[in-house]
Undergrad: 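The structure under discussion is supplied below as structure tokens; questions concerning it will follow.
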2 protein chains.
Amino acid sequence: MERGKRKTPARPGASAKRTKVSTTAGTESTEERIKEAARKLFTQKGFAATRTRDIANEAGINLALLNYYFRSKQKLFDLVMMENFRKFLHGMTINFQDKSLTMENRLEKIVTAYIDFLTEFPDLPLFILNEIRGNPSRIADKVKKEIGPARSQFFKELKQSKKEGKIALDPFHFVANLVGLTVFPFVARPLLQRVTEVGDEQFNELMQERKKLVPIWLKMMMMPAGG
Amino acid sequence: MERGKRKTPARPGASAKRTKVSTTAGTESTEERIKEAARKLFTQKGFAATRTRDIANEAGINLALLNYYFRSKQKLFDLVMMENFRKFLHGMTINFQDKSLTMENRLEKIVTAYIDFLTEFPDLPLFILNEIRGNPSRIADKVKKEIGPARSQFFKELKQSKKEGKIALDPFHFVANLVGLTVFPFVARPLLQRVTEVGDEQFNELMQERKKLVPIWLKMMMMPAGG
DNA sequence: GAAATTTTTAATCAAATGATTAAAAATCTT
DNA sequence: AAGATTTTTAATCATTTGATTAAAAATTTC
């Protein structure tokens, strides 16, 4: 083949008639192993600091396989990144909708779910924040698509509550407080732990405490007295 | 000179008798120009994503000069990074000491100073958080040295207040809330603006509002009723 | 079981990138 | 002004790194 020319390589699933997908426990498909290794490293160290060779090592496969399955580092990153982002936004907005609950109970559900989520994926928020800064426009539509419906519904309620005098707070402040009080301890965890001399076990206990505290605080902050 | 051998290059100031430092407005020294270009790019894009050639371009100098003045990319980064970190911590703890004020007035001074600081250097917090995650141990002593005194003094007061029943809140929660409510809006600015549909001007107005609101909220959260 | 197809590997390429070198230009010393 | 020293540059080096290739190994199809 001529130099510089690019062939269209046989992609798995493209013309393949392979139908069996290994579902044996512990034996993921090669493609999945690469993706998981990539997710781990990209999320931990970001795009630029991650080497494709490290991903290959982590996945226990040959470097060429990475390109065989995903074409390029960038494509692989985009894939992982979008899945991360969807996961993050979903975890954030899943409980916004449920109209059967009072605002306070709903807040408790949101915060609890989100703290559990962050406990499981503590590296996600910083990854997301970096990605957004590095590429704000690419994220735009993603945000709209993913949280558009939830956002507009939740916001209508917020504005309605403000009109009724039940809230005396700009929706921006409310969202910033909700997300900030919930996410920030995880984002700044190493710094906070060092400054306050708090160990790992105690940190987890404190996060459990916050499941109750943050909703109480948020409710207090919404009151007219505080605005 | 033999290959691989490394000479000790003439460093400015090492054996130089040059005494005049250009203080003309707008005409920084070459060394300073490089450092500022490096600060800008490193802070914006992180270590791995920043090319030494980009720094050289930004500073308007030849690439070799960067190594002439700072030996290596890593050394230059360490320098900038430490200065950033000192600036960040200083801005954060400068107002913790002043015992002449009431707790509430002190909080107002702290938050006001910090929001002004963040308005001037909005990229700093995310840079710091990334650095800490990437190298937690290297930061440890820096934190101790820089905020050690302020921290211990402030914490003694917090614990004292808790004993006296004036505060019913773990110091960790207090610090997390203080920093979270202040810093997080800047860290998550692009995301928050998009979600809440807030423009740049309005964002700045909201931040000014928070100078008054955050101290009020913090005071509310300290009350026994909220703990 | 043989041929076809897909998956995996070792070797290598080409571009990017941090760093160095030798020489030119600028500045300082006397 | 001459010589010494410092600063700056163009060219080049060596390594890293993302990507490709050609062949081997494994799997599927018939």
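Convention: sequence-line order gives letters A, B, ...; per-chain numbering from 1.
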Undergrad: Given atom CG of A:D54 and atom C1' of D:dA19, what is their separation to the nearest angstrom?
TA: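 Those two atoms, CG and C1', are 16 Å apart.
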
Undergrad: Nearest whole angstrom, please: distance from the C1' of C:dT21 to the CG of B:L65.
TA: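 Going from CG in B:L65 over to C1' in C:dT21 covers 14 Å.
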
Undergrad: Given atom CG of B:L76 and atom P of C:dG18, what is their separation to the nearest angstrom?
TA: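 Distance, rounded to whole Å: 11 Å.
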
Undergrad: Could you pick out which residue, B:R51 or A:G60, lies toward the 5' side of DNA chain C when each is mapped onto its nearest nucleotide?
TA: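 Result of the comparison: A:G60.
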
Undergrad: When you look at A:Q193 and A:D200, which way does the side-chain hydrogen bond (donor to acceptor under 3.5 Å, both in side chains) test go after all the steps?
TA: CA-CA 8 Å; A:Q193 283 194 211; A:D200 287 346; 3.2 Å; yes

Undergrad: Give me the ring orientation class for B:F117 and B:F121: parallel if the planes are under 30° apart, tilted from 30 to 60°, perpendicular past 60°.
TA: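 Rings of B:F117 and B:F121: tilted, 30 to 60°.
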
Undergrad: For the pair made of CD in A:E32 and P in C:dT7, what is the distance, rounded to whole Å?
TA: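 Distance, rounded to whole Å: 15 Å.
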
Undergrad: Can you tell me how far P of D:dT12 sits from CG of B:N67, to the nearest Å?
TA: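 In whole Å, D:dT12 P and B:N67 CG are 18 Å from each other.
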
Undergrad: Which listed nucleotide (D:dT9, D:dT6, C:dT7) is nearest to the side chain of A:Y68?
TA: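 Between D:dT9, D:dT6, C:dT7, the one nearest the side chain of A:Y68 would be C:dT7.
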
Undergrad: Determine, step by step, whether A:N204 and A:T119 satisfy the side-chain hydrogen bond (donor to acceptor under 3.5 Å, both in side chains) criterion, reporting the C-alpha distance in whole Å, the side-chain angles of both residues, the deciding distance to 0.1 Å, and the verdict.
TA: CA-CA 8 Å; A:N204 287 326; A:T119 303; 5.5 Å; no

Undergrad: Which atoms of nucleotides 10-12 of chain C (N or O only) lie under 3.5 Å from a protein N or O atom, and what are those distances?
TA:
unit_1	atom_1	unit_2	atom_2	d
C:dA10	N7	A:N62	ND2	3.3

Undergrad: If you assign each of A:S72 and B:T30 to its closest nucleotide in DNA chain D, which residue comes earlier from the 5' end?
TA: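 Nearer the 5' end of the strand: B:T30.
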
Undergrad: For the residue pair A:N84 and A:T43, confirm or rule out a side-chain donor-acceptor distance under 3.5 Å.
TA: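 Short answer, yes.
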
Undergrad: Rounded to whole Å, please give me the gap between CD1 in A:I61 and P in C:dT9.
TA: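 In whole Å, C:dT9 P lies 7 Å from A:I61 CD1.
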
Undergrad: What is the distance, rounded to the nearest whole Å, between atom CD1 of A:I55 and atom C1' of D:dA19?
TA: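 Taking atom C1' of D:dA19 as the reference, CD1 of A:I55 is at 13 Å.
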
Undergrad: Report yes if at least one side-chain N or O of B:T52 is closer than 4.0 Å to OP1 or OP2 of C:dT17; otherwise report no.
TA: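 No, B:T52 has no side-chain N/O under 4.0 Å of OP1/OP2 on C:dT17.
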
Undergrad: Would you kindly give the CZ-to-P distance between A:R33 and C:dT8, to the nearest whole Å?
TA: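 So the two atoms are 8 Å apart, to the nearest Å.
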
Undergrad: Could you check whether the rings of B:F47 and B:F42 sit parallel, tilted or perpendicular, using 30° and 60° as the cut-offs?
TA: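 If you compare the ring of B:F47 with that of B:F42, the planes turn out parallel.
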
Undergrad: Can you name the one residue among B:K40, B:R53, B:R51 that meets salt bridge (Lys or Arg N to Asp or Glu O under 4.0 Å) with B:E58?
TA: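 Exactly one candidate clears the test, B:K40.
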
Undergrad: Say you draw a straight line from CG of A:L192 to CD of A:E197; how long is it, rounded to the nearest 0.5 Å?
TA: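 A:L192 CG to A:E197 CD: 13.0 Å, rounded to 0.5 Å.
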
